[in-house]
2 protein chains.
Amino acid sequence: MAGAGTTTPRERYRAQVRAEVKERAWEQIATAGASALSLNAIAKHMGMTGPALYRYFANRDELITELVRDAYRSLADGVREARAAGADATGLAHALREWALADPQRYFLVYGTPVPGYHAPDDITAIASEIMGYLLDALNALDVGGDWVADCPTTPLDAHLADHRDWAGDHPAPPAVLHRALTFWTRLHGILSLELAGQFHGMGFDPARFYEAELADLSGRSTST
Amino acid sequence: MAGAGTTTPRERYRAQVRAEVKERAWEQIATAGASALSLNAIAKHMGMTGPALYRYFANRDELITELVRDAYRSLADGVREARAAGADATGLAHALREWALADPQRYFLVYGTPVPGYHAPDDITAIASEIMGYLLDALNALDVGGDWVADCPTTPLDAHLADHRDWAGDHPAPPAVLHRALTFWTRLHGILSLELAGQFHGMGFDPARFYEAELADLSGRSTST
DNA sequence: CCGTTTCGTTAGAGGCTATCACTAAGGTTA
DNA sequence: TAACCTTAGTGATAGCCTCTAACGAAACGG
């Protein structure tokens with residue numbers, strides 16, 4: 001019997017095949033989008049027949065869910081590492097942008113159009129709130145003196161968020177910081193998703209500069225008001 | 001030969017079948033997303049066999065493109081009407097939100113995850129810039145006295161936009177207004193797309209209030225700085 | 001009334017997901 | 001070593017899908 005931490009050859013082989021399937025899947029997704037992902041085509045690329053892959057993934061949905069999980073995980077790791085390297089909220093925003101540009105379809109797999117019936121498993125939503133946690137940390141750290149929060153007028157939305165802060169877990173950030181975290185997320189996502197979708201194509205301006213400008217606005221007002 | 005403006009019975013019938021196909025298509029899209037749209041299933045629902053529909057649409061892509069066109073058209077009409085009824089930029093934002101909530105999948109068809117290879121035909125991008133035109137009008141009208149633009153510091157991004165303003169056509173809006181139009185679009189889209197994608201699910205707060213808060217911020221700063 | 005155009009059908013190629021029964025190979029145990 | 005069990009991969013099959021081609025039938029227009 002295999003002790004904890006050891007792996008049998010069979011388990012190693014299994015893990016390797018699963019990894020190769022996912023690798024091919026990412027290639028397919030990058031070139032044709034997630035809806036065009038085909039287990040059959042992946043199998044043929046690997047020199048197998050279609051049904052063989054059902055030994056490794058219960059169905060197409062399970063493979064996609066696994067890819068979504070990996071994508072979330074890679075973003076969370078990137079953000080955590082940026083934070084560990086001393087990045088502030090702006091640094092996290094840059095990490096997000098680089099992660100998004102590196103593989104647009106991966107970004108869309110996480111933040112793009114959902115299929116109506118689908119509901120992500122709990123461990124994936126847990127990773128999502130882990131990412132939100134890093135953002136809250138970064139924004140909260142900007143406010144160590146408490147001066148920005150103190151100066152900040154209490155808006156009706158802040159009061160509302162004070163009553164609905166379950167999503168922040170037990171994070172100590174005050175409502176004004178929760179508010180800022182939401183604006184960070186939604187504003188950056190607004191730019192990134194439109195840019196990656198090609199909606200800025202033919203408009204001529206440089207999305208990176210616009211991103212920087214929004215970021216400056218997002219950070220600047222913590223000190224200027 | 002039918003004179004201009006008249007229609008033969010055949011043309012009427014054809015238009016009616018095409019309309020019914022699109023109607024069924026919207027139902028399918030609303031419940032299962034665009035990727036699950038099936039010409040075959042639509043035909044069966046209409047009491048026909050699958051291949052019959054190829055008399056009306058060259059292929060699946062053409063049907064989807066038609067739906068995208070209709071969706072854009074309906075948004076443009078809504079925004080134009082709101083503007084004609086005297087709505088300012090905030091009013092347009094409310095029109096956008098209602099249009100989005102009325103049919104989330106329709107919103108995603110227009111602003112959601114694109115298929116990597118796909119390129120929209122020119123008339124569709126023309127509708128997109130028509131919508132942008134209404135937004136520029138509304139934002140420009142806020143600034144009739146020119147005081148906000150005058151007070152507004154010329155940012156590097158504004159200078160950049162002054163050099164890349166092709167997308168605004170021959171609209172007289174100054175660079176600062178172009179900048180504001182971009183922030184309007186991207187910030188509102190950021191919230192709407194995440195909300196419709198269900199990313200706020202389980203977070204507890206009311207997205208409508210957050211939308212209002214962003215809108216207040218977007219409008220408020222035109223007078224406060 | 002008759003030719004022409006258009007519509008809808010069936011048949012079929014080729015793709016997909018997914019299940020099933022079966023073989024062949026690998027590991028385990030007596 | 002031999003018997004056994006587990007697992008990987010196969011072909012066959014069902015049931016979807018898109019899309020093409022050929023054929024009958026209906027409707028239109030002169």
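Lettering of chains follows the sequences in order, A, B, ..., and the numbering in each one begins at 1. Owing to the predicted nature of the structure, the values given are computational and were not obtained by experimental measurement.
- Remark: nothing in residues 18-27 of chain B comes within less than 4.0 Å of DNA chain C through any heavy atom.
- The CG atom of B:Leu96 sits 10.5 Å away from atom NE2 of B:His94, with the distance rounded to the nearest 0.5 Å.
- Taking atom CZ on B:Phe57 and atom P on C:dC7, their separation rounds to 13 Å, with Å as the unit.
- Taking B:Arg10 as the reference, B:Thr8 meet the side chain to side chain contact (heavy atoms under 4.5 Å, CB included) condition, with sequence neighbours excluded.
- D:dA27 atom P lies 10 Å from atom OH of B:Tyr13, rounded to whole Å.
- If you check every strand for non-hydrogen atoms under 4.0 Å, A:Tyr56 touches sugar and phosphate atoms only.
- Whole-Å rounding puts the A:Gln28 CD to C:dC16 C1' distance at 12 Å.
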message = Counting primed atoms plus P, OP1 and OP2 as sugar-phosphate and everything else as base, spell out the protein contacts along nucleotides 14-26 of chain D at 4.0 Å heavy-atom distance: B, S or - for each nucleotide, 5' to 3'.
response = ---SBBB-B----
Under 3.5 Å, side-chain donor or acceptor atoms of residues 30-43 of chain A against the rest of the protein: list the pairs with distances, not counting sequence neighbours.
unit_1: A:Thr31; atom_1: OG1; unit_2: A:Glu27; atom_2: O; d: 3.3
unit_1: A:Thr31; atom_1: OG1; unit_2: A:Gln28; atom_2: O; d: 3.2
unit_1: A:Ser38; atom_1: OG; unit_2: A:Asn40; atom_2: N; d: 3.3
unit_1: A:Ser38; atom_1: OG; unit_2: A:Ala41; atom_2: N; d: 2.9

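- Ring geometry, B:His119 versus A:His201: the interplanar angle falls from 30° to 60°, so the pair is classed tilted.
- No more than 12 heavy-atom neighbours from other residues, nucleotides or ligands sit within 6.0 angstrom of CG on A:Asp122.
- Here B:Leu192 contributes atom CG and B:Leu101 contributes atom CG; the two are 7.0 Å apart, rounded to the nearest 0.5 Å.
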For residues 202-211 of chain A, which side-chain N or O atoms pair as donor and acceptor with protein atoms under 3.5 Å away, sequence neighbours left out?
unit_1: A:Asp206; atom_1: OD1; unit_2: A:Ala208; atom_2: N; d: 3.0
unit_1: A:Arg209; atom_1: NH1; unit_2: B:His160; atom_2: ND1; d: 3.4
unit_1: A:Tyr211; atom_1: OH; unit_2: A:Ala93; atom_2: O; d: 2.8

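- Scanning both residues, A:Trp185 and B:Leu194, for their nearest heavy atoms gives CE2-CD1, 3.7 Å.
- Proximity of A:Thr49 to the phosphate of D:dT10: a side-chain N or O atom is located under 4.0 Å from OP1 or OP2.
- A:Leu63 places its CG atom 15 Å from the P atom of C:dC16, with the value rounded to the nearest Å.
- In this structure, CE of A:Met48 is placed 10 Å from P of D:dA8, rounded to the nearest angstrom.
- Rounded to whole Å, atom P of D:dA8 lies 13 Å from atom CE of A:Met46.
- The CG-C1' distance, from B:Leu53 to C:dT9, rounds to 13 Å in whole Å.
- Under the rule for a salt bridge (charged side-chain N to carboxylate O under 4.0 Å, His left out), the partners of B:Glu195 that lie at least two apart in sequence or sit in another chain are B:Arg97.
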